[in-house]
Each structure stands twice: as structure tokens, then as C-alpha cells.
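This one's a predicted model, so the numbers in the text were calculated from it and none came from an experiment. Chain identifiers are assigned alphabetically (A, B, ...) following the order of the sequence lines, protein sequences preceding nucleic acid strands; residue numbering begins at 1 within each chain.
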Amino acid sequence: MNFPTSNRIALTTRAVLRSILAVCSLLFLFALRAAGQEPPYFVTYSSALEEPGNLEISLKSTQASPANGNAFLGSVLELEYGVKGWWTTEFYLDGQTTRNDSTLFTGFRWENRFRPLLREHFINPVLYVEYENTNTADRSLLEIVGHDSVADLAIPNSAARREIEREMELKLILGSNVHGWNFSENFIAEKALNESEPWEFGYALGASRPLRLDSSGKSCFLCRENFAAGAELYGGLGTTEGFGWKATSQYLGPTVSFGIPRGPTIFLSPQFGLNDNSAKVLFRLSVSFEVQQVGNIFRRKNQ
Amino acid sequence: MNATTVNRVPRQARIPGGARRAPARRVERLRAALCFVALLICMAAADGSWLRSVPPDYHSKANPLAGQPAAIAGGEVLFADRCAKCHGKDALGRGKRPSLRSERVQSQATEGDIFWLLKNGNLRRGMPTWSAMPEPSRWQIIAYVKSLGPESASAPGKKPRQEKSK
């Protein structure tokens, strides 16, 4: 009895996703530029904020085949805007497709990042505040907290979509840049706003470096200066009722980014589950491009 | 431009007939001028105050790549990619983002001063930090910016624009 409605929702979702893709492709054609100076992380945030006036558009996807469940592809469209030098705001739209199941829109997030110290220090803190309204069918895996488990990923969409999670997420982001290396550490605390659940905790760590620290002076395609590589480690840290590694998911993987000259930046990473509570491997892919100085599009050229 | 001028106006505006229009218009103009001044203060043009914050060890730092043609060429590519969107392709400034071919950047600021600015940015005033960009790249950009020379001089292979505000 429910089928016609859910089919209609799935169709609408597909139509929405298709139009978003069309808009992105249009922007892609005339306004795109490689995304700024971001390290190649998927889960870890660095202390680098978006340049004021820039809009960065990213399409991120996560693919996995959990044991006892169907393979899925989680997708996120991210719109990141630099409001001020010390304040970045970002809006996320999440969706997913599960093989032998369905395609659906799973919710949205809105996050703001603030840099309290305006000068550069050895460790640079950034405060992150997010409001999340997603259902449990969300497969973006943008953070792992509490006792998140691979078993959650095997729940059929029809059941998972019914449970809506309204959550507030806080992160303390610490970032350092030393001799071309970037080191980033995130501490995550998440609280459900519509359920009486305990605070959930998680972490994410990243280290990366461009393959070449200076520019060759040529506009080349496959040269080292267009690549950065590193690694990411992240996972849950339990809840206020049981803090620690017990019954948590943990992932580790190498990451690489390729900034196509005058084009988008592509990020790629296989991330491996470190215990039985994690998926064996998550394949992550992201394409990111910048609409530089959105205000300038409406100004006269070169003004 | 004091408050009394503004206070006096409503009384004058009571003058009947056409005479009432002129002072009212003057108030409007005055108000517009005040708004404009306030706006200018808010958008305060780059005043170089950052130079006063540069510690002496940065001020005297020499650019290890100064004047090297390969470094300048590298800096040009990086400048086009990272800086031109705000400071203009020709570095002559864009909107309220200042020219980097000013007397201040070309003569007053040392390469060490600019290195300090790129590391820290001026976040409150819209200049991002470039600390995530490796140091050799930052020195290349500085070598390139300094090679452009002041606005009046022609940059190597470049044609400076005539008038910024046109």
C-alpha cells in the first residue's frame, strides 16, 4: 500500500539529484577551478577555512559492500562558502543508493566553522558546530562516532529511513603545517536532539603533504606539484555511558588528491576497517571545484 | 557635519510650498554622505597596519629565491592560481582587495614582511592565511610579486592596466 508513495518519493529524489547534477555540470563548464589548498582528507577537517567570497562545490561518494548487507553508494553534495577569513559555512545534501533496494534522499546538514585565533600558531584550533537532520539510511559516513557499527549499514532502506536523527555535532579541529606537512586532529561530540541518548564521541586524524613543495613554473598535467598524498585514521570513542574503543568502528587508509590544472580537484581513498565492527573497505571518491569570488561574477571583468 | 545641522532641518522643512523641498533634499544628501562615510569606515581600505605587527626576525628575513628566474616563473603560476582571483591577474587590485604593485608592497614591505603576512593572513580584513601552502611556494610567489615592480613600471612581459578605477 505504501509502494506508490515510496516510488514517487524515490522518483522525486532522483529528479532532484539529477537537477543538482545538471546545475553542477553547468557551473563546472564555465566557473570551475581547482579547489584551494585543502589536504586530501574525507573525514578529517583541517584548520584551513574557505577563502572569503569563494564557493566550493564538492560531490563526495562512499562505496562499500558490508557483510550481511547489500552494496551501497552514499553521496553528498557539499556547498562550502567563506563568509569571512575566520568563518566558513557549509551545507550538505545526503542521498544513497543500495543495490537490490532503493535510492533515496537521506537528509541535510548545516555546519559552521570558526577560527578563534586570528594569527597562525604551531597548533591552530577551529570550532565546528553542526545541525544534522538525516535518517538512519544515511550512508555518507562523514564521521564515525559512539558505537557506530557495520551492522547499521545492513538495515534495509525501508526500515532505516523511518528513523530520523536530529543531531548537534561539535568538533574541535586542530591543525598544524610544518615543512609542507599538514597534521590535523579532530575530536567529535554528537548529541541527539530528538531522543534521550547519551553524547557520542569520535575522532579523526590526518597527515598529508603535497608531492612537490614548489611550482615548476609550467602548467603541466601529471606533474608532482598537482598531487598530495597522506593517510587518515578515524573511528568511534564510545559514549558518556562507556567511553573507549570497545564496540566501535575504526578505519585507516591512504588518501591522494589530484588538482587538475584549471579543473576540479579529485580526491581518492580506500579506507580499511580495522576490526570486525567495521566494513572491510570503504572506497571514497570526491570531486571538488571552486566558484571563485562569487560576487565577482557579477562585476565587470578584471575590475 | 554635526548633529545640529541635522536637528535644525525638520523646522525648515515646515516652510510651506516649494521652499520646503530644497532643505529636505539637503538632509537627504547629508544622510547619504554620512552613510557613505560609515560604509567607507566599515570597508576600510587596506591601510598597511599589518606591517606594524611583523616581528623583527620576519622583517629581516631574506627570500632564499629572490630574483631567481625559475622561482619567478613558478611564482607566476601560483599567483595566477591562488592570488589573482582577489588581487587581479595583473596584481593591480580588485574591488577592495588592494594592488600589490603599490609603493607599500613594492618598496616599504620587505620580502620577510610579506612572508609573515602570507603565513598569518589578515583574517579580520579578508586576506586568507596561506600557511598550508609550503614555504618554497610562498617564497616563489613573493619573488614574483616583487619582480612586478611598482604600478607605473612595466612588468616583465606584462602590460599594466592604465587606471584601476575605470
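Summarising the geometry of B/Pro134 relative to A/Gly180, their closest heavy-atom pair is CB-CA, 4.2 Å, with the distance given to 0.1 Å. Heavy-atom minimum distance, B/Lys85 versus A/Gln293: O-CG, 3.6 Å. Residue B/Arg97 comes nearest to A/Pro52 through the heavy atom pair NH2-O, 3.8 Å, listed as atom of the first residue, atom of the second, then distance. Between B/Leu123 and A/Leu118, the shortest heavy-atom contact is CD1-O, 3.6 Å.
Atom OG of B/Ser131 is separated from atom CG of A/Asn182 by 8.5 Å, given to the nearest 0.5 angstrom. With rounding to the nearest 0.5 Å, the separation of CE in B/Met127 from CD in A/Glu51 is 9.5 Å. For the atom pair B/Leu78 CG and A/Glu225 CD, the distance stands at 7.5 Å (nearest 0.5 Å).
For A/Arg209, no part lies under 4.5 angstrom from a heavy atom of chain B. For A/Asn124, no part lies near chain B; criterion is any non-hydrogen pair under 4.5 Å.
Ranked by non-hydrogen atom pairs under 4.5 Å with chain A, the options B/Asn120, B/Val77, B/Leu65 are led by B/Asn120. Chain B forms the most heavy-atom pairs under 4.5 Å with one residue out of A/Gly217, A/Ser176, A/Gly82, A/Ser216, and that residue is A/Gly217.
Heavy atoms from other residues, nucleotides or ligands lying under 6.0 Å from CH2 of B/Trp50 number more than 12. By the 6.0 Å contact criterion, NZ on A/Lys84 is open, its count of non-hydrogen atoms from other residues, nucleotides or ligands being 12 or less.
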Passes side chain to side chain contact (heavy atoms under 4.5 Å, CB included), B/Trp130 versus A/Glu120? Steps please.
CA-CA 10 Å; B/Trp130 298 92; A/Glu120 189 70 13; over 6 Å; no
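Residues A/Ser215 and B/Gln140 have side chains that never bring a donor and an acceptor to within less than 3.5 angstrom of each other.
Side-chain contact between B/Trp116 and A/Arg119 is present, with at least one heavy-atom pair separated by less than 4.5 Å.
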